[in-house]
Every structure is written in structure tokens, then in C-alpha cells.
Amino acid sequence: MRPACLKQGLEKTQKLQKEPAQNQQKMLSALDHEACYLCYNLLVLANVVVGTKPASPREQGHLQQLCLQVQRHISSSLREDPAFLYRTNLKNLAAQTYVKWQELLSQSWFQLTHEQAKSDEV
């Protein structure tokens, strides 16, 4: 889900590395925009799939991994620039997603500890 990896894949499919063109800078900019657009849509879809219910213990591990990936590959590695508003939008969505998923993890943890306390009382 890294924008840089998506951009490299798009470059390879369009063979920009081997065939320099006059409009190569324009094409690279368009590919950067497309890669960020794809990452943005993947994050939107991931938000829909994850939902709002607390995660089970098995799902918590996957959700923690997703949080780490979002933090590592989008929030910290993507440079913002006033000329590239789409990057800022992607970083904002990544931050919102990260916070939402961390809240889900904390709710799940609270729910599990509450259930364990009930079972210990019985």
C-alpha cells in the first residue's frame, strides 16, 4: 500500500524508466497522483471493512499490523507539498484511520478485560 511502490509499478507498466520522453516529468507527476489516489481508495475501503465494532483477539493482531503499516508507509514517509494537495488529503485520511483503529483496539481491550473480570467473579 506504499505510494512509492505503487508509483514504481505504474512506471514499469508504462515503461517510463527505459524510454525517456519529453513529457516524462508530467507523466511522473500524474503517476504520483494516481498512486496516492489508489492508496486513498484502499484506505477508504479498509475503513469500511474494519467497521465500528470492537475487534476480536484474533482481529486485534491484524488491526495492529495495519496500524503500523499505515503509520510507517503513509503518515511518516509521504512528503507534503502545497502544490500536491492530494498528498495532504492522503496523510489526513491516514491519520484519521490510524486514530479510529487505535480507538477500536482500545475498546476491544477494555471489553476483553471487562469480560475477564466478570468471569473471574463467577
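The figures here come from the full heavy-atom set of this structure, side chains too, leaving out hydrogens, waters and symmetry mates.
Between L105 and Q60, the shortest heavy-atom distance links the atoms CD2-O, 3.7 Å. Closest heavy-atom contact between N89 and Y40: O-CE1, 3.8 Å.
Through direct or relayed side-chain contacts under 4.5 Å between Ile, Leu, Val, Met, Phe, Trp and Tyr, Y37 connects to no other residue. Summarising the hydrophobic clusters (Ile, Leu, Val, Met, Phe, Trp, Tyr; side-chain heavy atoms under 4.5 Å, direct or chained), the residues clustered with F84 are Y86.
Q96 pairs by the side chain to side chain contact (heavy atoms under 4.5 Å, CB included) definition with L93, not counting sequence neighbours.
Rounding to the nearest 0.5 Å gives a distance of 13.0 Å between CG of L63 and CZ of R58. For the atom pair CD (Q64) and CD (Q102), the distance works out to 7.5 Å, reported to the nearest 0.5 Å. We find the NZ-SG distance between K91 and C36 to be 10.5 Å, quoted to the nearest 0.5 Å.
At a threshold of 4.5 Å between non-hydrogen side-chain atoms, the residues Q71 and L68 do not count as touching. Using a 4.5 Å cut-off on side-chain heavy atoms (C-beta onward), L66 and T97 make no contact.
One hydrophobic cluster holds both L43 and V50 under the rule that ILVMFWY side chains link at heavy-atom gaps under 4.5 Å.
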